[in-house]
A.B. asks: 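Below is a structure I'd like to ask you about.
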Amino acid sequence: MKKIIFSAIVLMSAGMMHAQDVINHAVNRDFTVNQALITLTSGGQKCYNTSNVSAIDMDQSTDKVTVSTTAGDDVFNGSVSAIAFAKKIDPAKNVEVTEAQGWLESAYVKFTPFSGATSYHVYVKGGQYSDFTKIDDQLIRSYGTYNRADAMGLKAGDYTLKIVPVVEETEVTTAATTVANLVVKAFNRDGYAHYNASEGIGAYNNDGTLKSGARVIYVSKANAKTVTLEMQVDNKGKMETRTGIQDIIQAYEKGAETRPLDIRVIGLLKKADMPELGSSAIGLQVKGKGQNMNLTIEGVGSDATFHGFGVLVRACKYVELRNFGVMMHEEDGISFDTDNEHVWGHHLDIFYGKNKGGDKAKGDGSFDVKGTFYCTVSDNHFWDSGKCNLNSNGDEVDYVTYRHNWYDHSDSRHPRVRKSKHLHVYNNYYDGNAKYGVGATTGSCIFVEKNYYRNCKYPMLISKQGSDIHNGVGSSDDTKGTFSSEDGGIIKAYDNYMTGHKSFEPYVAGDAIYSKHFDAYVVESRNDQVPAEVVTLKGGTGYNNFDTADDFYTYTPLAVADVPTTVTGQYGAGRCEHGDFQYTFNNATEDANYEVILDLSNKLANYTSSLVMIYGMGDVSEEQTGDDPTPDPGTDPTPEPQDGVILGSFDASPSNTMFTVAGDYGDGKITYETVYYKKGVKMNSKGSISFTPQKNYNMTIVLATAKSGRDVKINGDVTTVSGTLNTEGAYYEMQPIAITAGTKYTITQGSAEAIVMIVKLVPVE
C-alpha cells in the first residue's frame, strides 16, 4: 500500500472532465480551491477539496484507491484510471499580455500561458462589432513560451481584444484581460486591380470585412491533405466534397463555383505537407474558368510560409494573395499567368527560390505577371531576389500597378516590361540594387513616379539607348544593348529621388545625343505630357499619356521623401510584423553584389517554425524544417556509398551527396571521358567543395577553360594544375593527389577564379 499524505503534497495543474455526481465528500469541480481529481475506470470523475482530504492510499496489488478525510472516515474505495491534482486559480491574477498591436484589417495579441488553462477564448470589439465577438479558435496558437491570437477581417478603426482562459471547457472570466486602443488601418487599394471593382477583390469587401456568404477554411501542415469543403461543380447545382487544399481549389476549374472563399494559412507548409500540387513547375495552382472566383489566400499572423513551392494563378478573376512568405520555390515564387483579370498580390515576403545555377541561382521570377489585365503588385518585400518582376513574356499584359514594394537588395526587373501600354510604378523603395530598376522594351509605356532609389545602379533603362548603350551596360554600337535585344519602350518619370546610382540619362530636347539616348522623359509637373516627337531610338514608338487621361484611376501617392520610412515601417511592405524571418543586409558589400548570399540561402533552406499548437486544430509541434535544406558550409551530408571510382560532377548540383557545395555554378561546357558537362562550381571568394572520404583515394580535379584559374587550394594549400590541357574537351586535368580516409577536404579558390567541373576519386588498392 502506498499513501499520499496531503500535508506534504505538491499540487499540480491538470485539466480533467467535469464531476459526474456528488456523494459523500465528493464535490463539484471548483477552480477557486485546490482539488484532487479521481478519474474512475468507468470514465466518471470525482472531485475532492484537498482541505478535506488527509490521504490517498493506493494498493498496488489490487489497483484500488482509498480516499480518506481529515475526519478519519473513508470516502472512496475503488479502481481508478488516473489521479490528478488541480491548483486553484488565484482570483488576483489575470492573463498577462506581453504585446498587442493593430495592423492592416487585423489586430493581434501575445500573452503568456495561463497556469491551468487548457485553451483560450478571444473576443474582439470595435469596428463592425458593437459588442465583444468571439474569434475562431484556429486563430489562437501556442508558440511554446507564448500564445498569440489574431483577429482578422476588421474595418479600419479602434479595437479592444479580450483574452479569457478556459479550464476544462469552462471560461475563467475572473482571469480575463482586455487590451484597448488597438488602431487598425485599411489596406491601400489604390491601383489597377481595383479599377471598377467596387465589390472588392477576393473574399473581402473593400472595407476589409468578409463578403456576404463568405466561407473560411484554415489550412496547416496537419490538414493540408485532408481538409474538406463542399464545392459546386456544375451550373445545375451539383455539389461535391473536395479533399485537400489543391483539390478544393481545383473545383473552380469547373467554372460554376463563385461563392467567396477565404483560405487562411497557419504556420509553415512544406511541399511534403501538401497534396499533389496542380503545377509541377511552380506549385499550388489557382485556376478558374474566367469566372469571378472571389478567392483570397492569406496567412494568419506573421509566420505563414510556403516552403519549396510557389503559387500559380491562371484564368482567374477577383483573386487575392496576401500576408504569407514564399521560400526556396521551384521556379517562380508567384506567377499571375494567362487570362487573369482583377488580381492582387500584396504584403508578401518573397525569398530565394531553389538554386538552379546561372540566372536561376536565386530561383526564377519572384513575382511575374503574364497574360494578365487589371493587376496590382503592392507592398511586397523582395529579399535579394535575382529577377523580381517580369511583366509579359511576349504575351499581352496591361493595366498593372507596382507600388509600395521594398526591393531589398534585389538585382533586376523592378519591373522589366514588354508591350504593356498602361503601367504605373510609384512609391517603391529601391534599396541597394546591383543591376537596374525599371526596364522598358517592346513599345511599352511606363509612368514612373515618386520612387526612392538608394544605390540602384541604373534606376531606369530603355533597351538599345541611353544607359543601356553607354556607361558599360551595353556596347558603344547603337544597335546593341545588354539589357535587352528588343526594341525600346518609353518611360515618363516624375519626382523620383536618386542617390548612389551609376547613371541616369534624362531626355534633353534638341541635344544631339540626349534627344536620342535617354532613360526617361522627365516632367516637372505630374500632369505634363510627353510630346509626340519623343520616341524610342529603336522601334520608334512614343508615349500614349495614359496617366493624364480622364479615365485614369484615383490614387494618393506618398511624398517621395517619406517612401523609405513608410515602406519599411509597421504598416509597410511584407507580412505582419515584417514576418518571423529576419535578416540584415550589409550595404557595404551587398548593394553591388548580385551573387547568392550563402548565409541567407542556408538560413532559408533550414528555416523552421516555432508553432506548437493551434487551439482549434491541435498539436503541430513536430519539428518543421524546410524542404531539401542546403547544408551549412563545412558540414557533410550523409554520403552515398563510396564503392569503386567516384566521378563527382556539378552540373548545377552535386552528383553525389558526399560533396557539399557552397557558392554559385557557372558554365564550363566540357567533354570529359566522352560525357558532356555544362556547369561546375565557381571557385571564387564564395565557392567551395567539401567532402570526407571513407576510403583512401587518388583525387583528380578537372577545371574548365572558361576561367583563367589553373590552380585551386586544398585545405588552404595551393595546388597547381600541372597536368594536361585538353583543348578538344576544353578542360585542364590536374595530376592525381593522394587523400586519406576520414579526413575532411575543402577545395577553394587558388590564385585566380576557376570552375571545378569534376572531382574524380580512384580507390587506392
Side-chain angles (χ1 to χ4, degrees), residues 270-272 280-283 305-310 325-335 349-368 382-388 390 408-413 434-435 581 583 585 590 593-607 625-637 648-669 677-691 704 706 746-749 753 755-757 759:
K270 302 181 293 183
K271 189 174 182 180
S280 59
I282 294 177
T305 306
F306 294 160
H307 198 290
F309 64 97
V326 182
M327 297 179 179
M328 308 308 288
H329 37 282
E330 291 285 352
E331 288 286 337
D332 295 346
I334 305 293
S335 179
D349 283 315
I350 311 295
F351 301 94
Y352 285 163
K354 290 186 177 177
N355 187 337
K356 297 187 176 180
D359 68 349
K360 293 186 178 183
K362 298 179 180 180
D364 199 5
S366 293
F367 192 150
D368 287 353
F382 296 93
W383 300 68
D384 195 41
S385 296
K387 298 183 291 183
C388 270
L390 176 65
D408 194 356
H409 294 84
S410 48
D411 302 329
S412 65
R413 299 186 178 181
K435 294 185 178 179
F581 180 92
Y583 188 87
F585 294 99
E590 300 306 336
N593 175 38
Y594 52 83
E595 302 288 349
V596 173
I597 302 173
L598 186 60
D599 180 54
L600 174 58
S601 179
N602 285 332
K603 284 180 168 62
L604 292 170
N606 293 287
Y607 165 78
T625 59
D627 293 298
D628 302 324
T630 300
D632 289 328
T635 64
D636 291 326
S649 61
F650 308 94
D651 205 350
S653 63
S655 63
N656 189 301
T657 56
M658 73 179 291
F659 298 104
T660 298
V661 171
D664 303 318
Y665 297 92
D667 286 340
K669 300 179 181 178
Y677 300 93
K678 181 179 180 181
K679 293 184 179 295
V681 181
K682 287 184 179 180
M683 289 293 114
N684 52 25
S685 60
K686 298 180 180 180
S688 67
I689 301 171
S690 299
F691 66 98
T746 301
I747 304 169
T748 55
Q749 180 180 354
E753 183 175 334
I755 296 180
V756 173
M757 302 295 295
V759 176

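By convention here, the first residue in the shown sequence is residue 1. Basis for what follows: all heavy atoms, side chains included, without hydrogens, waters or symmetry-related copies.
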A.B. asks: How far does CG of Asp349 sit from CE of Met327, to the nearest 0.5 angstrom?
C.D. replies: 7.5 Å

A.B. asks: Side chains of Asp599 and Tyr583: do they bring a donor and an acceptor to under 3.5 Å?
C.D. replies: yes

A.B. asks: For Ile747 and Met683, work out which heavy atoms get closest and say how close.
C.D. replies: O-SD, 3.6 Å

A.B. asks: Do Phe351 and Tyr607 have their ring centres less than 6.0 Å from each other?
C.D. replies: no

A.B. asks: For Ser412, which residues count as a side chain to side chain donor-acceptor pair (under 3.5 Å) partner, sequence neighbours excluded?
C.D. replies: none

A.B. asks: Which atoms form the tightest heavy-atom contact between Ser335 and Ile282, and what is the distance?
C.D. replies: CB-CD1, 3.7 Å

A.B. asks: Going by an N to O cut-off under 4.0 Å, is there a salt bridge joining Glu331 and Lys354?
C.D. replies: no

A.B. asks: If you compare all heavy atoms of Cys388 against all heavy atoms of Asp368, which two are closest, and at what distance to 0.1 Å?
C.D. replies: O-OD1, 3.7 Å

A.B. asks: Return yes if some donor-acceptor pair links the side-chain N/O of Asp332 with the main-chain N/O of Ile334 below 3.5 Å, else return no.
C.D. replies: no

A.B. asks: Residues in side chain to side chain donor-acceptor pair (under 3.5 Å) with Lys435, at least two apart?
C.D. replies: none

A.B. asks: Does a donor on one side chain and an acceptor on the other come within less than 3.5 Å for Ser385 and Ser366?
C.D. replies: yes

A.B. asks: Strictly below 4.0 Å, N to O, side chains only: are Lys679 and Asp667 in salt-bridge contact?
C.D. replies: yes

A.B. asks: Considering all heavy atoms of both residues, which atom of Gln749 and which atom of Glu753 are nearest to each other, and what is their separation?
C.D. replies: NE2-N, 3.5 Å

A.B. asks: Considering all heavy atoms of both residues, which atom of Val661 and which atom of Pro654 are nearest to each other, and what is their separation?
C.D. replies: CG2-CG, 3.6 Å

A.B. asks: Could you walk me through whether Glu330 and Lys271 satisfy the side-chain contact (heavy atoms from CB on, under 4.5 Å) test, starting with their C-alpha distance in whole Å, then the side-chain angles of each, then the deciding distance to 0.1 Å, before giving a yes or no?
C.D. replies: CA-CA 10 Å; Glu330 291 285 352; Lys271 189 174 182 180; 3.4 Å; yes

A.B. asks: Going through the checks in order, is the side-chain contact (heavy atoms from CB on, under 4.5 Å) test met by Ile597 and Phe585?
C.D. replies: CA-CA 10 Å; Ile597 302 173; Phe585 294 99; 3.7 Å; yes

A.B. asks: Within a 6.0 Å radius of atom OH on Tyr594, are there more than 12 heavy atoms belonging to other residues, nucleotides or ligands?
C.D. replies: no

A.B. asks: Show the numbers, then the answer: is there a side-chain contact (heavy atoms from CB on, under 4.5 Å) between Phe691 and Thr660?
C.D. replies: CA-CA 6 Å; Phe691 66 98; Thr660 298; over 6 Å; no

A.B. asks: On a heavy-atom basis, which atom in Met757 and which in Phe650 lie closest, and how many Å separate them?
C.D. replies: O-CD1, 3.5 Å

A.B. asks: If you measure from CG on Asn602 to OH on Tyr352, what distance do you get to the nearest 0.5 Å?
C.D. replies: 10.5 Å

A.B. asks: My understanding is that only one of Leu600, Asn355, Asp384 makes a side-chain contact (heavy atoms from CB on, under 4.5 Å) with Lys362; could you say which?
C.D. replies: Asp384

A.B. asks: Going by atom types alone, do Thr746 and Ser690 pair a side-chain donor with an acceptor below 3.5 Å?
C.D. replies: yes

A.B. asks: Does Phe382 have any ring pair (Phe, Tyr, Trp, His ring centres under 6.0 Å) partners at least two apart in sequence or in another chain, and if so, which?
C.D. replies: Tyr407

A.B. asks: Measure the spacing between CG of Asp664 and CD of Glu595 and express it to the nearest 0.5 Å.
C.D. replies: 4.5 Å

A.B. asks: For the aromatic rings, using the six-membered ring if either is Trp, is the centroid distance between Phe309 and His329 under 6.0 Å?
C.D. replies: no

A.B. asks: Start with the C-alpha distance between Phe581 and Leu604, add both sets of side-chain angles, then the distance that settles side-chain contact (heavy atoms from CB on, under 4.5 Å), and finish with yes or no.
C.D. replies: CA-CA 9 Å; Phe581 180 92; Leu604 292 170; 3.6 Å; yes

A.B. asks: Closer than 3.5 angstrom, by distance alone: can the side chain of Asp364 be matched with the main-chain N or O of Lys360 as a donor-acceptor pair?
C.D. replies: no

A.B. asks: Out of Leu598, Thr748, Asn593, Val596, which residue meets the side-chain contact (heavy atoms from CB on, under 4.5 Å) rule with Lys686?
C.D. replies: Asn593

A.B. asks: Between Lys387 and Asp411, does at least one N-O distance fall below 4.0 Å, as a salt bridge requires?
C.D. replies: no

